[in-house]
Student: 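Have a look at this one before I ask anything.
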Amino acid sequence: MDFLTGLNDVQKAAVTAADGPTLVIAGPGSGKTRVLTYRIAWLLQQGVAPDQILTLTFTNKAAKEMKERISHVMGNAANRVWAGTFHSIFARILRAEASKLGFPATFTVYDTDDSSSLLRSIIQEMQLDPQVYNVGAVRSRISLAKSNLMTPQVYRSNEEWMTQDRQQKKPFIVDIYEKYMQRCKLAGAMDFDDLLLQLFRLLRDNPDNVLEKYRKKFQYIHVDEFQDTNFLQYAILRRLIKYDGSKENLFVVGDDAQSIYAFRGATIDNIIDFERDYPDLKVYKLEQNYRSTHHIVAAANQVISHNKKQLQKTIWTDKNERQKIKLLKCLTDDEEAKRVADLILEYKNRYHIPNQEIAILYRTNAQSRKFEEYLRRQNLAYRVFGGMSFYQRKEVKDLVAYLRIAVNPIDEEAMRRVINYPTRGISDSTLQKIGKVANQLNCSFWDAMTQVPDITDRAKKSIAAFRTLVLKWQEQTTKANASQLATDILRQSGLFDTLKADTSPEGQSKVENVVSVIDAIAEFVNGEVPAAEIAGADEVQDKSLAAYLQTVTLLTDADDNKQDTDRITLMSVHSAKGLEYQCLFVTGMEEQLFPSFMSSEDPNGLDEERRLFYVAITRAKELLTLTYCQNRYRYGQIRSFPPSRFLEEIGPEHFEISGGFGSARNAGREQEVVSNGARVSGVTPVRRNNGPIQSTVSAAAQAAFSASPAEAIVAGVTVLHLKFGKGTVLSVEGPKDGKIAAIQFEQDDVPERRIVLKFAKLQVLES
DNA sequence: TGACTGTGGGTTTTT
DNA sequence: CCCACAGTCA
């Protein structure tokens, strides 16, 4: 096979491996995608039918890239290979089999907002305290349960989970979960996790021998980024390949060191279980890194060696040394952004690097702002990934909600969203009543709409009129062309007029946005294979509005790659996985940020952060710059944290320190007590001459700090000040608006400090 | 019923 | 700092 010539021995062996379960452990930059695509190309060349090949990825982008690369080698046959994300492929199967599960084929896919909003309603209806039952927390708990294949029944009988809930003082989570499942069912809706869970149910309950059908269909299954699969995903895979007479063709590629989705249920136990479940598993290790220069690879190895739990492998490179890793120490986040922008300019001048080879990574999306500001100032073109995507904009969601109820009128969340927008005289209290009736009759919101007693005639009429409109649209879904129907809906709903009435620039861009949704639908219908629809198949492509809607929900803005322009990339470290850049900045390398404060207590969490950092630095091909700040705006306040511990895990021989005063290692040493995060309430002596704002309070204590109101500061109480530490209030005097407190701080050489309460932030510790 | 204001509370990563 | 929500006013 001539296309095999460019591969090294291990890659070649993996690509041409015989039938049977196969695991490829692939370090960063080791040609993982290459192996996967060539494997598929090789199978095709061996005469395997393309539609018997299934390839599952985590992102649409990865799937798309895979398809392109296969077709590069194999031409058109690639189009008939099933390649897509777990979610999109499964949605496709579920669409075909929905009736077997008691769902309409036009089922809605609830996105995170829909889930949250439904949960909010449920929590309210159950009269639970929304403070205690925080929607986000409840949602992720339920999601985690689903990822671990725990139905509400299983959850209820699981002592460990129930005990955890009781300890968290949230004993009713399981009841919310149960209710939530019922409501999704009544609304003909599945959330992201349901796309996996319902598929599992389908394969387990096996109505009409559907399991056999898919076992036959998918003779060769491949999984990319296997370390990111959760228990449920592995359970599905196992069900598909483990049976008598199966060739067990599960070919997975992954890297335990790059597992960064444990928080949403991914578990590298799947790799271990894979080896255990299939004793004749063939394992290949790709250890040569073709991407990065020596310093980067060596630094990455040093970092990851701090994690205990990992599969043994040695990543190496034969690339020349070239640049060391640059370390920028900055005073503020403002300066950080400025210096990054300046450095980009300098690099561009010196090395002529195109923008698309440059990326700025950060731990949290909120950090992007400052960089945007300074890139704009330097006239550098950039693109921010993550954050609000096109399909999350209000006007777009509104139109999509209309389309959703046309296709699937029982979709409760979509209905609630638009039933009174534009206003139709259907009030909030009316909606509440409908919800109540739906609950009592255990029917859908849609059905309940006609059965509400004691509402005004006006409301009744409005509801009836709206239902008629929706039914008319629904009728058209099977007759009219999807984009024509969408246009009609946009107009007849009144949405278009409402948007046009707003003549402000923002208002006009809203109009443009809804119009471009219509365009996207037209494109979808007219067969230009959109980035969204990667899953090719032997059967005719489903061009229905329902198919479009289900696809659209699974898109993120990383997917609409308008890569026609040459722009600098700004994104979170998570979304950078799988990508590579000649010139890379990893920013905000500070304790409590990277590693995140959420993970600082839990060693597993810390290991995951470390893997995340590993992923971050291994994205760089040549020029890697790490930055950190002494002071950073967070929660609207200036906070200061020591440099990230991860910086100290890289040997100084790989660094070139730039700017600031002293190395990160020194900075770290100075605050040793603080930087290992062990001391929670520790207060260390004031140290001067080290930056404008010097905190004596440990990072953890700072994170826990919350200022008390001025009234609470009275003589005798013990207070905490971020700069001076713990102290006792001696007296308070002055006018109401200018109260001055005399405070004796423990770690202080002056007898008392006079603090103007209006400006100072003090937390009362005890009174 | 809708728009506006203030307040209070939360801030990780994504299909 | 920013958002979402609650409560108030027109």
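In the text below, chain A, chain B and the rest are named by the order of the sequence lines, each starting its count at 1. Heavy-atom basis, side chains included; hydrogens, waters and symmetry copies ignored.
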Student: Any cation-pi pair here, A:Arg383 with A:Phe385, using under 6.0 Å and within 45°?
Tutor: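 Because its charged atom sits under 6.0 Å from the ring centre and within 45° of the axis, A:Arg383 does stack over A:Phe385.
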Student: Of the options B:dG2, B:dT12, B:dT15, whose atoms approach the side-chain atoms of A:Arg363 most closely?
Tutor: B:dT12
Student: Specify the residue among A:Phe263 and A:Gly425 whose closest nucleotide of DNA chain B lies further upstream toward the 5′ end.
Tutor: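 Residue closer to the 5' terminus by nearest nucleotide: A:Gly425.
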Student: Would you classify A:Phe58 as touching base, sugar-phosphate or nothing, given that sugar-phosphate means primed atoms plus P, OP1 and OP2, and contacts are heavy atoms under 4.0 Å?
Tutor: sugar-phosphate
Student: Between B:dT12 and C:dC5, how far is it from one C1' atom to the other, in whole Å?
Tutor: 23 Å
Student: With heavy atoms under 4.0 Å as the rule, sort A:Tyr261 into base, sugar-phosphate or nothing.
Tutor: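 Answer is sugar-phosphate: A:Tyr261 comes under 4.0 Å of backbone atoms only.
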Student: Rounded to whole angstroms, how far apart are CG on A:Leu606 and P on B:dT13?
Tutor: 18 Å
Student: Do A:Lys370 and A:Tyr362 meet the cation-pi criteria used here (NZ or CZ under 6.0 Å from the six-membered ring centre, within 45° of the axis)?
Tutor: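 Ring-cation test returns no.
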Student: Applying side chain to side chain donor-acceptor pair (under 3.5 Å), run through A:Gln227 and A:Glu225 and close with a yes or a no.
Tutor: CA-CA 5 Å; A:Gln227 76 281 354; A:Glu225 309 280 14; 2.8 Å; yes
Student: Among B:dT15, B:dG2, B:dT11, which nucleotide sits nearest the side chain of A:Thr112?
Tutor: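 My answer, after comparing the listed nucleotides, is B:dT15.
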Student: Atom CZ of A:Phe597 to atom P of B:dT13: distance rounded to whole Å?
Tutor: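 Whole-Å distance recorded here is 10 Å.
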Student: Judged by modelled atom types alone, do A:Gln168 and A:Arg141 share a side-chain donor-acceptor pair under 3.5 Å?
Tutor: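 No, no side-chain donor-acceptor contact under 3.5 Å.
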Student: Given atom CD1 of A:Ile426 and atom P of B:dG2, what is their separation to the nearest angstrom?
Tutor: 10 Å
Student: Quickly work out the A:Met190 CE to B:dT15 C1' distance and round it to whole Å.
Tutor: 15 Å
Student: Name the one of A:Arg639, A:Arg363, A:Arg632 that satisfies salt bridge (charged side-chain N to carboxylate O under 4.0 Å, His left out) with A:Glu590?
Tutor: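 Considering A:Arg639, A:Arg363, A:Arg632, a salt bridge (charged side-chain N to carboxylate O under 4.0 Å, His left out) with A:Glu590 is found only for A:Arg632.
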Student: Excluding sequence neighbours, so at least two apart, what forms side-chain contact (heavy atoms from CB on, under 4.5 Å) with A:Thr364?
Tutor: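 A:Thr364 satisfies side-chain contact (heavy atoms from CB on, under 4.5 Å) with A:Ala366, A:Gln367, A:Leu593 only.
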Student: Output the rounded distance in Å from CG (A:Asp113) to P (B:dT14).
Tutor: 14 Å
Student: So, is A:Thr59 near the phosphate of B:dT14, with a side-chain N or O under 4.0 Å from OP1 or OP2?
Tutor: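 A:Thr59 to B:dT14 OP1/OP2: no side-chain N or O under 4.0 Å.
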Student: Do the side-chain N or O atoms of A:Asn365 get closer than 4.0 angstrom to the phosphate oxygens (OP1, OP2) of B:dT13?
Tutor: yes
Student: Quick one: do A:Lys397 and A:Asp111 make a salt bridge, cutoff under 4.0 Å?
Tutor: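 Yes.
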Student: Quick one, give me the B/S/- string for nucleotides 1-10 of chain C, reading 5' to 3', where B means a protein heavy atom under 4.0 Å from the base and S means that only happens at the primed atoms, P, OP1 or OP2.
Tutor: BS--S-----
Student: Give the rounded distance in Å between these two atoms: CE of A:Met598 and P of B:dG10.
Tutor: 12 Å
Student: With nearest nucleotides of DNA chain B determined for A:Arg634 and A:Ser572 from heavy-atom distances, which residue corresponds to the more 5′ nucleotide?
Tutor: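 In this pair, the answer is A:Arg634.
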Student: Grab the CG-C1' distance between A:Leu196 and B:dT14 for me, whole Å please.
Tutor: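 A:Leu196 atom CG is separated from B:dT14 atom C1' by 13 Å.
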Student: Below 4.0 angstrom from OP1 or OP2 of B:dT14, is there any side-chain N or O of A:Ser575?
Tutor: yes
Student: For A:Lys338, is there an ion pair with A:Asp334 - N to carboxylate O distance below 4.0 angstrom?
Tutor: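 Result for this pair is no, no salt bridge flagged.
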Student: Counting only side-chain nitrogens and oxygens, does A:Asn420 get under 4.0 Å of the OP1 or OP2 atom of B:dG2?
Tutor: yes
Student: Specify the separation, in whole Å, of atom CG of A:Asp607 and atom C1' of B:dT12.
Tutor: 17 Å
